[in-house]
Amino acid sequence: MKTSKKMTNLQIAELLRDVAAAYQLKDANKYKFQVIAYQRAADSVEHATSELQDLWEEKKLDDVPGLGKSLQEHLDEIFRTGKSKHFEELTKDIPKMVFELMKIPGIGVKTSMKLVKELKIKNLDELKRAISESKVAKLEGFGVDSQERISKALKEYEKKAPARMLLPYASQIASKILEWLKEDKNIEIMNTLGSLRRQVSTIGDIDFAVASKDPNYSLTHFTKYPKATRILEKGDRTASILLAGNIRVDLMAGKKESYGSLLQHFTGGKNHNVALREYALKKGLSLSDYGIYTKPGDKKSLKEISTEEEFYKFLNMDWIPPELRENSGEIEASLEHKLPKLVELQDIKGDFHIHSDFDIETSHDLGSSSMVDLVKKAIDLNYEYIAFSEHNPSKNKHNENEIIDLLKKKKDTIDKLNYSIVKDMKIRGFKVFNSLEIDILPDGKLPVPPEGMNTLDFALVSIHSSFGQPREDMTNRVLEALDNPKVKIFAHPTARKLNERNGVDLDWKKIFAKCKEKDIWLEINADPARLDLPDILVHEAVKKGIKLVIDTDTHYIDSMDNMKWGVSVARRGWCEKSDIINTRSLKDLEVMI
DNA sequence: GCCGTTTTCGGCCCGACTGTTTTCAGTCG
């Protein structure tokens with residue numbers, strides 16, 4: 001039996017976290033490891049590439065790490081009946097508000113329970129009133145400072161959690177702060193850390209590490225950053241400030257001798273570090289941001305590590321590029337010396353997704369730069385080829401013959417442009433391909449007649465409407481489009497827009513199989529607001545031997561510089577040069593198209 | 001409750017900071 005409403009992974013993760021909190025309230029000590037298990041399961045569910053309920057239907061919950069026999073039984077009950085007796089039993093005596101308050105940063109399960117129980121708080125307004133009447137400060141274990149901290153956290157929470165920053169935006173803020181840090185002459189080395197160093201597509205906090213001759217001075221210098229609106233913390237080792245827009249920035253300071261450990265520790269990701277430390281423990285080593293203890297528990301056995309290379313080498317591992325540090329197989333690969341040699345920006349030799357201003361009366365936005373300018377820019381970037389992939393001519397405004405005429409006109413123009421590049425610009429070995437970005441209509445048809453398709457060297461297809469179709473319809477829609485013989489690239493495949501719209505619901509197994517069968521290339525769209533295909537799916541595709549392309553989807557010439565963000569996604573998805581088609585030379589490529 | 005490159009039993013990452021405390025609890029990353 002199917003339950004009427006499908007539970008999303010996010011909802012399941014939240015439920016698992018609530019259960020973890022319930023165990024903590026029941027007896028934090030006794031259920032210590034259940035708490036960890038449930039939290040780990042929640043993390044794992046949140047990061048799964050498939051919807052859990054689909055995996056359950058396919059009896060593949062075993063594929064999700066952290067879900068053992070017991071949790072699978074509870075989930076099975078939830079998917080069948082809509083609830084779990086065990087979970088309900090655990091949470092039945094806990095007011096809903098306890099779980100609500102826990103969403104406020106700085107309020108954990110204990111604090112939340114105490115506020116709700118002792119002050120009888122039923123909503124956020126009542127919490128505000130309790131604060132204004134100074135009732136929180138009077139609670140045992142609380143004080144005026146705690147009350148103030150909670151008050152501030154509540155206000156920031158109510159402003160609505162800031163959306164996660166896009167990668168280029170966070171990078172830009174980071175580079176300004178690095179400039180500020182450079183003014184402190186005690187600082188010998190500095191790095192960005194955390195998700196920014198790992199080049200995650202969206203960034204929450206911005207983190208830095210420095211090696212300093214005087215860490216305390218450097219931390220103070222950091223807190224004096226002119227754009228800081230508030231100092232959140234300042235200790236001997238770390239400090240945190242807040243910038244406008246609730247952007248949290250952390251600095252970790254240490255000395256040069258142990259900088260490798262510091263850098264490694266705070267680069268994370270969390271799951272990578274946890275797995276690494278568990279592995280180290282089995283080898284009789286304890287890892288921390290200070291170094292490696294060769295006798296766990298004995299502080300004197302500390303070996304300081306100055307570089308990350310040395311850190312990993314101490315564990316008989318190869319240095320792992322930060323982009324891979326997510327505990328998705330990199331530790332095992334490193335131990336076996338089988339890490340991929342990741343693709344780099346310099347490997348890129350072309351861009352297949354560029355919108356020029358050549359007007360073919362498109363269905364969506366036209367580019368705003370001329371073909372000639374875009375070609376010149378491509379040559380500056382040392383590319384050997386680009387493809388102009390404007391949107392298809394709009395279907396409601398033209399009949400088939402008009403569409404064909406527009407496309408013939410475009411083909412002529414590009415033929416002449418290629419001639420002119422050799423003849424007038426005196427450039428050899430550069431080619432402009434004639435392509436088109438074609439809407440996949442809701443029924444899977446393409447709005448370009450065969451004669452129009454024949455004017456093209458190849459076509460990209462992508463979804464621009466009916467994003468909410470059910471999985472099966474959406475999948476069939478895409479599969480049909482990919483069957484068109486001119487289609488070579490599936491562009492921004494999930495159609496997500498970061499912070500704006502989730503990706504469409506596709507059966508990736510079927511999409512991957514079709515790509516493999518038809519030699520379709522999946523696009524990694526380098527537009528910072530898209531970064532689509534997402535890194536996790538890129539990794540899945542690479543494991544299946546599917547080829548990808550990295551494109552900028554340029555509508556204005558400067559966007560051609562966005563290629564690096566697409567490369568960061570490819571790297572996070574374990575792509576080597578050979579996985580990415582537009583690292584091929586023009587000569588190699590022409591054989592394929 | 002999960003999991004396996006010393007284990008199907010016996011482990012489970014490590015530390016900073018804050019506030020309310022005189023040695024620790026709570027929260028976070």
Side-chain angles (χ1 to χ4, degrees), chain A residues 16 19-21 23-25 28-44 62 64-75 86-87 90 101-102 104-115 136-150 152-153 193-195 204-207 215 219 231-240 248 250-254 261-262 264-293 296-297 299 302 315-317 327 331-332 335-336:
Chain A
L16 293 173
V19 175
Y23 269 121
Q24 263 174 297
L25 285 170
N29 238 340
K30 184 173 168 192
Y31 296 112
K32 198 165 150 189
F33 298 111
Q34 277 85 345
V35 171
I36 293 173
Y38 273 82
Q39 283 170 344
R40 282 189 173 187
D43 279 344
S44 173
D62 271 332
V64 185
L67 296 184
K69 187 168 175 286
S70 171
L71 271 170
Q72 287 192 30
E73 279 172 14
H74 297 315
L75 288 173
H86 178 62
F87 291 178
L90 273 167
L101 283 190
M102 280 177 61
I104 301 172
I107 298 186
V109 55
K110 298 284 172 72
T111 308
S112 180
M113 189 62 170
K114 198 151 191 177
L115 290 172
V136 175
K138 293 195 187 84
L139 288 176
E140 197 196 335
F142 288 63
V144 182
D145 287 346
S146 295
Q147 178 170 278
E148 185 55 24
R149 187 180 55 81
I150 291 171
K152 278 183 177 163
L193 298 172
S195 52
D205 302 340
I206 299 177
D207 305 308
L219 288 163
I231 300 169
L232 291 171
E233 283 176 6
K234 156 81 176 68
D236 295 336
R237 189 161 175 80
T238 73
S240 304
R248 184 190 165 116
D250 299 330
L251 177 67
M252 326 289 158
S261 303
L262 183 75
Q264 195 287 324
H265 179 86
F266 289 108
T267 296
K270 186 184 168 194
N271 293 333
H272 173 83
N273 279 359
V274 170
L276 200 63
R277 284 181 220 135
E278 283 177 350
Y279 170 76
L281 265 187
K282 287 172 192 164
K283 298 271 163 198
L285 301 168
S286 170
L287 311 180
S288 91
D289 44 324
Y290 290 99
I292 297 178
Y293 296 98
K299 295 286 169 200
L302 180 70
L315 300 169
N316 293 318
M317 295 169 83
N327 194 28
I331 292 174
E332 296 78 359
L335 283 165
E336 292 166 13

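Every chain is numbered from 1 and lettered A, B, ... according to where its sequence line falls, protein lines coming before strand lines. This structure is a prediction, so every number in the text was calculated from the model and none was measured.
- Using atom P as the reference point in both B:dT27 and B:dT21, the two lie 16 Å apart (nearest Å).
- A straight line from CG of A:D236 to P of B:dG15 spans 16 Å, rounded to a whole angstrom.
- Here A:Q34 lies in heavy-atom contact (under 4.0 Å) with a base.
- Along DNA chain B, the nucleotide nearest to A:K282 and the one nearest to A:P65 differ in position, and the one closer to the 5' end is contacted by A:P65.
- Residue A:R237 contributes atom CZ, which lies 10 Å from atom P of B:dG15 at whole-angstrom precision.
- Interatomic distance, CD of A:Q39 versus CG of A:L16, reported as 10.5 Å (0.5 Å rounding).
- Stems are defined here as 3 or more consecutive Watson-Crick or G-U wobble pairs with pairing distances under 3.5 Å; those involving DNA chain B are B:1-4 with B:9-12, B:14-19 with B:24-29.
- The aromatic rings of A:Y23 and A:H86 sit tilted, their planes meeting at an angle between 30° and 60°.
- Across the protein-nucleic acid pair, A:K283 atom NZ and B:dT7 atom P stand 11 Å apart, rounded to whole Å.
- The separation between A:K32 atom NZ and B:dC12 atom C1' is 9 Å, rounded to whole Å.
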**OP:** Step by step, work out the side chain to side chain contact (heavy atoms under 4.5 Å, CB included) result for A:L302 and A:I292.
**Re:** CA-CA 6 Å; A:L302 180 70; A:I292 297 178; 5.9 Å; no

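- In this structure, the side chain of A:R149 engages the main chain of A:G106 through a donor-acceptor pair within 3.5 Å.
- The gap from the C1' atom of B:dC17 to that of B:dG11 amounts to 29 Å, rounded to the nearest Å.
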Original post:
Along nucleotides 20-29 of chain B, 5' to 3', which nucleotides get a B, which get an S, and which get a -, given that the test is a protein heavy-atom distance under 4.0 Å?
Top reply: S-----SSS-

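- The aromatic ring of A:F33 does not sit over the base of B:dC2; the criterion of centres under 5.5 Å apart with planes under 30° is not met.
- Atom CG of A:L193 is separated from atom CG of A:D250 by 9.0 Å, given to the nearest 0.5 angstrom.
- The shortest distance between the side-chain N/O atoms of A:S288 and the OP1/OP2 oxygens of B:dG15 is below 4.0 Å.
- Backbone-only engagement by A:K234 is indicated by non-hydrogen atom pairs under 4.0 Å involving sugar-phosphate atoms exclusively.
- Among the protein residues, A:S286 comes within range of the sugar-phosphate backbone only, with heavy atoms under 4.0 Å from sugar or phosphate atoms but none that close to a base.
- Across all strands shown, A:H272 has no heavy atoms under 4.0 Å from either base or sugar-phosphate atoms.
- Listed by chain and residue number, nothing satisfies the ring-ring contact (aromatic ring centres under 6.0 Å, His included) test with A:Y279 (two or more places apart in sequence, or in another chain).
- Nearest-nucleotide assignment on DNA chain B puts the 5′-proximal partner with A:Y279, out of A:Y279 and A:A239.
- Between A:S70 and B:dG1 there is a side-chain N or O to OP1 or OP2 distance below 4.0 Å.
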**OP:** Decide yes or no on side chain to side chain contact (heavy atoms under 4.5 Å, CB included) for A:L67 and A:H74, but give the supporting numbers first.
**Re:** CA-CA 10 Å; A:L67 296 184; A:H74 297 315; over 6 Å; no

Original post:
Between A:Q34 and A:V19, is a side chain to side chain contact (heavy atoms under 4.5 Å, CB included) present by the stated rule, with each step listed?
Top reply: CA-CA 9 Å; A:Q34 277 85 345; A:V19 175; over 6 Å; no

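- Rounded to the nearest Å, the gap between the C1' atom of B:dG10 and that of B:dT6 is 13 Å.
- A:L335 has its CG atom 15 Å from the C1' atom of B:dT6, to the nearest Å.
- Looking at heavy atoms from C-beta onward, A:Y290 lies out of side-chain contact with A:H265 at the 4.5 angstrom threshold.
- Going from the P atom of B:dT7 to that of B:dC12 covers 16 Å, rounded to whole Å.
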**OP:** Mind running side chain to side chain contact (heavy atoms under 4.5 Å, CB included) on A:Q72 and A:V64 for me, showing each step along the way?
**Re:** CA-CA 10 Å; A:Q72 287 192 30; A:V64 185; over 6 Å; no

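- Protein atom CG of A:L281 is 10 Å distant from nucleotide atom P of B:dG15, rounded to whole Å.
- OP1 or OP2 of B:dG1 lies within a sub-4.0 Å distance of a side-chain N or O belonging to A:Y23.
- Interatomic distance, CG of A:N29 versus CD of A:Q24, reported as 11.0 Å (0.5 Å rounding).
- In this structure B:dT22 sits in the anti conformation; its chi angle is more than 90° from 0.
- Atom pair A:K114:NZ and B:dG19:P shows a separation of 17 Å (rounding to whole Å applied).
- Looking at heavy-atom distances under 4.0 Å, A:L276 makes no contact with the nucleic acid at all.
- Comparing B:dT20 with B:dG26, their C1' atoms are spaced 11 Å from each other, to the whole Å.
- The distance from atom CG of A:L67 to atom P of B:dC3 is 8 Å, rounded to the nearest whole Å.
- For A:Y31 and B:dC12, the shortest distance from a side-chain N or O to OP1 or OP2 is not below 4.0 Å.
- The side chain of A:E278 sits closest to B:dC12 out of B:dC17, B:dC12, B:dG1.
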